[in-house]
Amino acid sequence: MEYLKGLNAPQKEAVEHTDGPLMIIAGAGSGKTRVLTYRIAHLIYSKGVDPFQILSLTFTNKAAAEMKHRIEKLIGLEARNTWMGTFHSTFAKILRVEAPKLGYTSNFTIYDTDDSKSLVRTIVKELRLDDKVYKPAAVLSRISGAKNRLISWEAYLEDPYIKADDEAAMKPRVGDIYKMYQQRLFRSGAMDFDDLLFNTNVLFRDHPDVLNKYQQRFRYVMVDEFQDTNLSQYLITKKLAAVHQNICVVGDDAQSIYAFRGADIQNILNFESDYPDLKVVKLEQNYRSTRHIVEAANSIIAKNKRQLDKHVWTANDKGDLVALMKASSDNEEGRLVATTIFEERNNKKLANSDFAILYRTNSQSRALEEALRKMNLPYKIVGGLSFYQRKEIKDLMAYLRFTVNSEDEEAFKRIINFPKRGIGDTSVEKIMVAAYEHDIPLWEVLSNASHFLSGRAANSTSDFATLIKSFRIEAERKDAYETAKKVAQQSGLLKELYEDKTIEGLNRYENVQELLNAIKEYVDNEENTDKSLGAFLQEIALLTDNDRDKDQSDAVTMMTIHASKGLEFKQVFVVGLEEDLFPSQMMMQSREDLEEERRLFYVATTRAMEKLYLTYALTRYRYGRLLQCEPSRFLDEIDPNCLQVSKRASTAPMGALRGEGLGSEGQNGYVGIKKKPLQRSGTTAKIHTPSPDFKPSNTQNLQEGDRVEHPKFGFGTVQKIEVEGLNRKASITFENFGEKTLLLSFAKLRIL
DNA sequence: TAATCATAGGTTTTT
DNA sequence: CCTATGATTA
């Protein structure tokens, strides 16, 4: 047990506690990944567990790959047999096997966000609703929120609380859209990201034999970044671990930054009540950062109320103070960052890759890029506009998708008239309507085009069908690469791009080649046993840009704070610390959650090992207009003892910074005046004001007879709890509102 | 049906 | 600023 020697006491404890539920609260930089990998090694070596029986779930492919890599280094090739992957990819694979049980085929398509949005848009149009009221993104986030809480469209339409909410938002038809959305997805043989998890829950609920199979298969389940799980994910892991109870979750409530996509911090805060004999281990020693950085970070989240009790500390040196830098504009900010990197790199003999620039929104990267280019500093941007979102890539992907699944409506709409083949909007409309009215598959209509269309359109459509058919035959016989190559050529896509001799055109051509290369790589990779086009498509649907980039060149890294989680750099710049930008105005208005913004800031600062810089600008361009900005409130909240106002910045005390420079240059009324968060108007006359310390509890533990508080309906008593499908419902008599039936996964209740 | 032009409207974070 | 949609004309 040589490898246990380098661990501190709690780390060792976590590694050695192999059986029974375990929760590891891992502070930033506390060696979490190390503990996880050692724990797996320990399971295999000391406990003789078959690697095949260990399942590790992460949130990003990058994290999964990193862990796999480190385990392989630790214990060798045997590590290949442990299952490591993201929630989405893991359960997509399982669903691919079990899809027929849910009425899907194994070749189901995975819709990305763009496909989903487009589908919502068409449904809104079909229902003759105003797309300014029912904005696809907003509707989708509502639907997504429901799915993450396992609320089916049937349950959604029934729930009075949801109904009241939608009506208050002046969007009473969201439920109807949800219903049609799901029906269309099913018709198209498609699932969106949330469905992968939702349907896994359905699968496990309706097919106990299947559940049992995977329960036996995965005797040890580990969840990384547990604070980011949503209810749907949580219930899957809970079910998987229900028999053996060997569930180990690792997380840090202080780094929960994904509430916007359904992550529920309550999962970690209340985990203990779900597992009474839970063992909790806290990793509180930070090995990554200097003491000044650790203390500054601690002071940032000190104000948060909803958090677990822990104290992150470090034995490292104090190091430099955190540098605060003020710039007059966003361009000036870029210059300041670039020159500082340049000087530091030369003075301290650092590599470019020792530096990272973190920002709140992707759009902030422009000014910074320009400044770095001027200083000749190489940089790379992580994330941002994804490779897979480019038009030419989506076009080829759509052809491939349609080849595999000819019911995929979104793919169909993309390629039916691209390259141009004389099938205009009206013809496309006719085809879709025909499929609908006769209730026949899309493919039926296409292959009998002459029944539904006339003249030129009919001929072109028949030709299109023949073309796709030939692709399909190819796909059945050959691997993904051979097929894709043929599709790219014969669809005319490559020709179209090749003829475009502009620089962008050239780029697009190269991008398509790169996609083909990626497919070849996939086919050549020994680990991929299924080399069919269908298998490749399901894999690639869950890839993001971050996973693709294996660029090893020495460059400054630029990315959003969200993308930076789990990484570390010697020197880190957190830029754009301005009110309304960070904390984000959107977040503050729509979710009124300042705490999550604080945690985001915490994540950003704890990426730094040796030196941390915070910068802000007094003016900034947005939509081509100059805005006035104010320093972020976070700069007031941070412990001033850790701060040093840089020589370049103002030497005025923090309080005086606020408001400085305001009012002089404002034009057209676009002055960044601090806005109070919008007060959301209530629905009815009686509005309950929640108690000041209102914290929703984990309603999984709710029992009949409990007294509860609800943010809208006030106090009440639970009458009855019943299970219906995936949902648990509670009938509650509220003092001021009478009896309501609420979906427990959705209702924000506090158990008194 | 395709191509061109005008204008309106939107930007948080991601599997 | 950029894109995405809509109207107009060939």
Side-chain angles (χ1 to χ4, degrees), chain A residues 57-64 85-92 110-114 116-118 121 125 131-132 135-138 140-141 144 147-148 191-198 225 228-230 232-233 256-263 358-367 382-386 388-389 391 416-429 455-457 460 539-547 559-565 576 580-591 593 596-597 599-601 603-604 620-627:
Chain A
L57 295 167
T58 61
F59 276 83
T60 62
N61 297 294
K62 207 158 128 198
T86 65
F87 272 94
H88 293 269
S89 74
T90 297
F91 297 112
I110 300 172
Y111 272 11
D112 68 13
T113 315
D114 288 337
S116 300
K117 261 189 212 156
S118 155
R121 199 173 292 121
K125 223 174 266 170
D131 64 354
K132 283 173 192 82
K135 292 181 203 142
L140 213 48
S141 98
S144 173
K147 284 195 208 173
N148 288 332
M191 299 189 197
D192 66 12
F193 288 138
D194 303 314
D195 284 337
L196 295 174
L197 305 170
F198 188 97
E225 306 281 12
D228 292 334
T229 48
N230 57 41
S232 180
Q233 292 164 325
S256 161
I257 55 174
Y258 282 109
F260 70 89
R261 70 172 196 215
L358 308 181
Y359 34 78
R360 178 68 236 263
T361 67
N362 275 310
S363 57
Q364 287 169 259
S365 69
R366 278 176 181 273
V382 178
L385 262 183
S386 164
Y388 300 105
Q389 283 181 335
K391 212 176 262 149
I416 177 67
N417 199 28
F418 185 85
K420 297 264 149 59
R421 49 173 71 85
I423 307 172
D425 292 346
T426 23
S427 303
V428 175
E429 189 83 348
R456 203 177 51 175
S460 311
E539 176 110 350
I540 206 173
L542 300 168
L543 280 188
T544 60
D545 226 33
N546 300 356
D547 312 315
M559 61 190 144
T560 64
I561 300 168
H562 283 90
S564 78
K565 196 151 74 158
D580 286 355
L581 181 59
F582 192 19
S584 146
Q585 158 194 4
M586 272 264 174
M587 181 72 126
M588 307 287 297
Q589 281 182 10
S590 60
R591 310 216 10 268
D593 197 349
E596 178 151 319
E597 293 287 289
R599 294 193 292 268
L600 199 52
F601 190 30
V603 167
R620 182 174 294 280
Y621 276 95
R622 220 192 260 187
Y623 323 130
R625 281 196 196 271
L626 192 68
L627 302 189

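Letters A, B, ... are given to chains in the order of the sequence lines, protein chains preceding strands, and every chain is numbered from 1.
- No engagement by Tyr621(A) is indicated, since no non-hydrogen atom pair under 4.0 Å with the nucleic acid exists.
- Candidate nucleotides dT14(B), dT12(B), dT15(B) were compared by shortest atom distance to the side chain of Thr361(A), and dT12(B) ranks first.
- Contacts of Ser141(A) classified as side-chain hydrogen bond (donor to acceptor under 3.5 Å, both in side chains), with partners at least two apart in sequence or in another chain: none.
- A perpendicular orientation is assigned to the rings of His562(A) and Phe260(A), their planes being inclined by more than 60° (bins at 30° and 60°).
- A close approach under 4.0 Å does not occur between any side-chain nitrogen or oxygen of Ser363(A) and OP1 or OP2 of dT12(B).
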Can you give me the N/O atom pairs linking the protein to nucleotides 3-5 of chain B at distances under 3.5 Å, or say none if there are none?
{"residue": "dA3(B)", "atom": "OP2", "partner": "Lys420(A)", "partner atom": "NZ", "Å": "3.3"}

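- The gap from the C1' atom of dT12(B) to that of dT5(C) amounts to 24 Å, rounded to the nearest Å.
- Partners of Ser118(A) according to the side-chain hydrogen bond (donor to acceptor under 3.5 Å, both in side chains) rule, which considers only residues two or more places apart in sequence or in another chain, are Glu410(A).
- A 4.5 Å side-chain heavy-atom check between Thr86(A) and Phe59(A) finds every atom pair outside the cut-off.
- The distance from atom CG of Leu140(A) to atom C1' of dT15(B) is 13 Å, rounded to the nearest whole Å.
- Checked against side chain to side chain contact (heavy atoms under 4.5 Å, CB included), Asp194(A) has the following partners two or more places apart in sequence or in another chain: Ser144(A), Lys147(A), Asn148(A), Asp192(A).
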Might you list the N or O atoms of the protein lying below 3.5 Å from N or O atoms in nucleotides 3-10 of chain C, with each pair's distance?
{"residue": "dT5(C)", "atom": "OP1", "partner": "Arg121(A)", "partner atom": "NH1", "Å": "3.4"}

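- A sub-4.0 Å separation between OP1 or OP2 of dT15(B) and a side-chain N or O of Asn61(A) is absent.
- Atom NE2 in His562(A) sits about 8 Å away from atom C1' in dT14(B), given to the nearest Å.
- In this structure, the separation between CD on Glu597(A) and CD1 on Ile257(A) is 10.0 Å, given to the nearest 0.5 Å.
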From CA spacing to verdict: side-chain contact (heavy atoms from CB on, under 4.5 Å), Val428(A), Asn417(A): CA-CA 9 Å; Val428(A) 175; Asn417(A) 199 28; 5.5 Å; no

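- When heavy atoms are screened at a 4.0 angstrom cut-off, Phe193(A) is found touching base atoms of the nucleic acid.
- Among the nucleotides dG9(B), dT1(B), dT14(B), the one closest to any side-chain atom of Lys132(A) is dG9(B).
- Asn417(A) comes within 4.0 angstrom of the backbone, heavy atoms only, and of no base.
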Go through the steps for Arg360(A) and Leu600(A) under the test side-chain contact (heavy atoms from CB on, under 4.5 Å), then give the verdict. CA-CA 9 Å; Arg360(A) 178 68 236 263; Leu600(A) 199 52; 3.4 Å; yes

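- The shortest distance between the side-chain N/O atoms of Ser584(A) and the OP1/OP2 oxygens of dT13(B) is not below 4.0 Å.
- Counting any heavy atom pair closer than 4.0 Å across all strands shown, Arg622(A) reaches no nucleic acid atom.
- In this structure, CE of Met559(A) is placed 11 Å from P of dT14(B), rounded to the nearest angstrom.
- No engagement by Ser89(A) is indicated, since no non-hydrogen atom pair under 4.0 Å with the nucleic acid exists.
- Heavy atoms of other residues, nucleotides or ligands lying less than 6.0 angstrom from OH of Tyr621(A) number 12 at most.
- Gln364(A) places its CD atom 12 Å from the P atom of dT12(B), with the value rounded to the nearest Å.
- Checking the phosphate oxygens (OP1, OP2) of dT14(B), no side-chain nitrogen or oxygen of Thr60(A) falls inside 4.0 Å.
- Across the interface with DNA chain B, nearest-nucleotide mapping of Gly422(A) and Leu600(A) shows Gly422(A) to be the residue nearer the 5′ end.
- Going from atom CD1 of Ile423(A) over to atom P of dT1(B) covers 9 Å, rounded to whole Å.
- Stacking of Phe87(A) onto the six-membered ring of dT15(B) is not present when judged by under 5.5 angstrom between centres and under 30° between planes.
- Rounded to a whole Å, the CG atom of Leu626(A) is 14 Å from the C1' atom of dC1(C).
- Atoms CZ (Arg421(A)) and P (dT1(B)) sit 14 Å apart, rounded to a whole Å.
- Side-chain atoms of Ser460(A) do not come within 3.5 Å of backbone N or O of Ile423(A) as any donor-acceptor pair.
- Rounded to an integer number of Å, the gap from Phe260(A) CZ to dT14(B) P is 6 Å.
- Counting distance only, with no hydrogens placed and no angle test, the side-chain atoms of Arg360(A) and the base atoms of dT13(B) include a donor-acceptor pair under 3.5 Å.
- Here Glu539(A) pairs with nothing under the salt bridge (charged side-chain N to carboxylate O under 4.0 Å, His left out) rule; sequence neighbours left out.
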